[in-house]
Engineer: 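There's a structure below that I have some questions on.
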Amino acid sequence: MISAAAQGLVLSWWDRHGRDLPWRDTRDPWAVLIAEIMAQQTQVNRVVPRWHEFLERWPTPAVLAAASLADVLRAWQGLGYPRRAANLHRSAQVVVADPGLGGSLPDTLEGLLALPGIGPYTARAVLAFAHEADVGVVDTNTGRILARVGGRRLGARAAQVAADAWVPAGEGWAWNQAMLDVGALLCRPVPRCHDCPLATSCRWALDGWPNPDPAAKSAGVSVRQAPYRGSMREVRGRVLDVLAEGGATTDDVIASSVRALAPSAAHHAEPLDVRVVEALTQLEADGLVAVSASIVTLAGDPAVA
DNA sequence: TATTCGTGGAA
DNA sequence: TTTCCAAGAAT
């Protein structure tokens with residue numbers, strides 16, 4: 001738990017130092033969902049302009065559901081993890097097709113979790129930020145705070161229990177926004193405790209920051225990741241870039257991708273064209289790419305050579 | 001529980 | 001330059 005005094009310190013710190021993010025001016029569940037999906041493993045400053053563009057083009061689930069996946073993937077270019085875009089597109093189609101929902105997103109935890117690409121964090125973020133529900137939102141930022149203030153490493157379940165318990169009654173929206181900002185601005189991987197409203201409540205800080213940092217690998221978030229350069233992720237990314245320009249023969253796509261990958265090809269024994277073919281195969285299996293009669297396109301694009 | 005899934009800003 | 005890691009989810 002956390003004291004009412006500490007809660008007050010957090011909220012008053014946030015009044016003065018909280019970030020000004022555009023999705024904080026809306027309670028539209030669709031707009032909130034787009035922001036949350038885009039922000040998954042992606043810095044919010046990079047999301048802001050893309051969020052405006054996306055919502056202007058597809059302001060409701062219905063209009064997104066009617067768009068081609070290829071157009072959605074193009075709108076996603078540069079954000080990374082394109083399957084987020086595919087899942088969002090699919091979620092929109094589910095919502096539109098379900099007579100019980102009438103084109104609106106579910107407003108229950110279970111309903112949101114049932115949609116592809118929406119997990120424990122995103123579902124609760126929609127509840128807290130669109131519906132102003134008193135639920136705790138656990139992400140990489142709040143997960144660090146919970147572990148450090150508690151002075152011990154937390155599993156995903158314990159982190160969720162603590163996050164829920166910390167929410168001041170009736171303040172779910174502001175509290176979670178504040179926690180996200182404390183985590184992003186102060187309780188960072190390398191902490192900046194000097195101005196932190198929780199400094200006098202934080203077990204880890206009060207004990208003199210002993211090793212190991214309780215936030216490390218805590219709350220089931222912030223997974224350590226493999227190198228990107230030379231990875232299959234990089235290969236798939238370059239292949240999608242090439243396909244975004246328009247359909248081409250498989251040979252053309254392979255040649256263009258190999259060219260785009262040339263700078264990072266040196267460290268790998270397997271020939272680049274073999275890896276590109278493997279990437280195409282994976283992308284097709286994931287439904288992001290369509291291959292027909294030796295023509296490759298983004299899924300949903302007309303296959304004109 | 002451990003891996004895999006893109007991209008780019010920041011230190 | 002390299003390394004880290006960001007409003008996570010799915011498997």
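From a predicted model like this one, the values you see are computed outputs, not experimental measurements. Any value given below was found using the heavy atoms of this structure, including those in side chains, with hydrogens, waters and symmetry copies removed.
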Engineer: Starting from C1' on C:dA9, measure out to CG on A:D286 and report it in whole angstrom.
Structural biologist: 13 Å
Engineer: Counting side-chain heavy atoms from C-beta on, which of C:dG8, C:dA6, B:dC5 comes nearest to A:R236?
Structural biologist: B:dC5
Engineer: On a whole-Å scale, what distance lies between the P atoms belonging to B:dG8 and C:dA9?
Structural biologist: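 Between the two P atoms, the distance is 22 Å.
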Engineer: Kindly say if A:Y228 contacts the phosphate of B:dT7, meaning a side-chain N or O under 4.0 Å from OP1 or OP2.
Structural biologist: yes
Engineer: Check the distance between B:dG8's P and A:E234's CD and give it to me in whole angstrom.
Structural biologist: 11 Å
Engineer: Between atom CD in A:Q225 and atom C1' in B:dG8, what is the gap in whole Å?
Structural biologist: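 One finds 11 Å between C1' of B:dG8 and CD of A:Q225, rounded.
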Engineer: Using atom C1' in both nucleotides, what's the gap between B:dT4 and C:dC5 to the nearest angstrom?
Structural biologist: 16 Å
Engineer: Could you state the atom-to-atom distance from OH of A:Y121 to P of C:dG8 in whole Å?
Structural biologist: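 Atom-to-atom, A:Y121 to C:dG8, this comes out as 6 Å.
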Engineer: Check A:L101 against A:V95 and note the closest heavy-atom contact, atom names and distance.
Structural biologist: CB-O, 3.9 Å
Engineer: For the pair A:R275 and A:E278, find out whether any cationic side-chain nitrogen is under 4.0 Å from an anionic carboxylate oxygen.
Structural biologist: no
Engineer: Respond yes when some side-chain nitrogen or oxygen of A:Q177 is under 4.0 Å from OP1 or OP2 of C:dA7, and no when none is.
Structural biologist: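 Negative; the distance criterion is not met.
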Engineer: Quick one: is B:dT7 close enough that its OP1 or OP2 comes under 4.0 Å of any side-chain N or O from A:R229?
Structural biologist: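 Checking B:dT7 against A:R229, no side-chain N or O comes under 4.0 Å of OP1 or OP2.
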Engineer: If you assign A:A226 and A:A123 each to the DNA chain C nucleotide with the nearest heavy atom, which residue ends up on the more 5' nucleotide?
Structural biologist: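 In this pair, the answer is A:A226.
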Engineer: Under 4.0 Å from OP1 or OP2 of C:dA7: is there any side-chain N or O of A:T140 that close?
Structural biologist: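 Negative; the distance criterion is not met.
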Engineer: Would you indicate which nucleotide in B:dT7, B:dC5, C:dA6 comes nearest to any side-chain atom of A:R144?
Structural biologist: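 Per side-chain heavy atoms of A:R144, the pick is C:dA6.
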Engineer: Please pick, from C:dC5, C:dA7, B:dG6, the nucleotide with the shortest atom-to-atom distance to any side-chain atom of A:R84.
Structural biologist: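 Among the listed nucleotides, the one closest to the side chain of A:R84 is B:dG6.
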Engineer: Could you tell me the separation between the CZ atom of A:R46 and the C1' atom of B:dA10, rounded to a whole number of Å?
Structural biologist: 12 Å
Engineer: Rounded to the Å, how far apart are A:N45 CG and B:dG8 P?
Structural biologist: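 Going from A:N45 (CG) to B:dG8 (P), I get 15 Å.
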Engineer: Check the phosphate of C:dA9 against A:T122, side-chain N and O only, distance under 4.0 Å to OP1 or OP2. Yes or no?
Structural biologist: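 So the side chain of A:T122 is within the cut-off, an N or O lying under 4.0 Å from OP1 or OP2 of C:dA9.
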Engineer: Below 4.0 angstrom, N of the basic side chain to O of the carboxylate: do A:R24 and A:D181 qualify?
Structural biologist: yes
Engineer: With no angle test and no hydrogens, is the base of C:dA7 tied to the side chain of A:R124 by a donor-acceptor pair under 3.5 Å?
Structural biologist: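 Checked by distance alone, the answer is no.
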Engineer: Rounded to the Å, how far apart are A:M232 CE and B:dC5 C1'?
Structural biologist: 12 Å
Engineer: Any N or O donor-acceptor pair under 3.5 Å from the base of B:dC5 to the side chain of A:R233?
Structural biologist: no
Engineer: Expressed as a whole number of angstroms, how long is the span from A:N141:CG to C:dG8:P?
Structural biologist: 7 Å
Engineer: Using a 6.0 Å distance limit plus a 45 degree cone around the ring axis, check whether A:R19 lies over the aromatic ring of A:W14.
Structural biologist: no
Engineer: Under 3.5 Å, is there any donor-acceptor pair linking the side chain of A:Y81 to the base of B:dG6?
Structural biologist: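 Present.
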Engineer: Write down the distance separating the C1' atoms in B:dG6 and C:dA6, rounded off to the nearest Å.
Structural biologist: 12 Å
Engineer: Mapping A:W23 and A:G117 to their closest nucleotides on DNA chain C, which lands nearer the 5' end?
Structural biologist: A:W23
Engineer: Below 3.5 Å, does any donor atom in the side chain of A:S231 face an acceptor in the base of B:dG6, or the other way round?
Structural biologist: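 For A:S231, whose side chain was compared with the base of B:dG6, there is no donor-acceptor pair (under 3.5 Å).
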Engineer: Choosing from C:dA7, C:dC5, B:dG6, which nucleotide comes nearest the side chain of A:R224?
Structural biologist: C:dC5
Engineer: Do any side-chain nitrogens or oxygens of A:Q41 fall under 4.0 Å of OP1 or OP2 in C:dG8?
Structural biologist: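 It does, given that an N or O in the side chain of A:Q41 lies less than 4.0 Å from OP1 or OP2 of C:dG8.
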Engineer: Salt-bridge test for A:D286 and A:R83: reply yes if a basic N is under 4.0 Å from a carboxylate O, no otherwise.
Structural biologist: no
Engineer: Can we say A:D139 and A:R144 salt-bridge, meaning some charged N sits less than 4.0 Å from an Asp/Glu carboxylate O?
Structural biologist: no
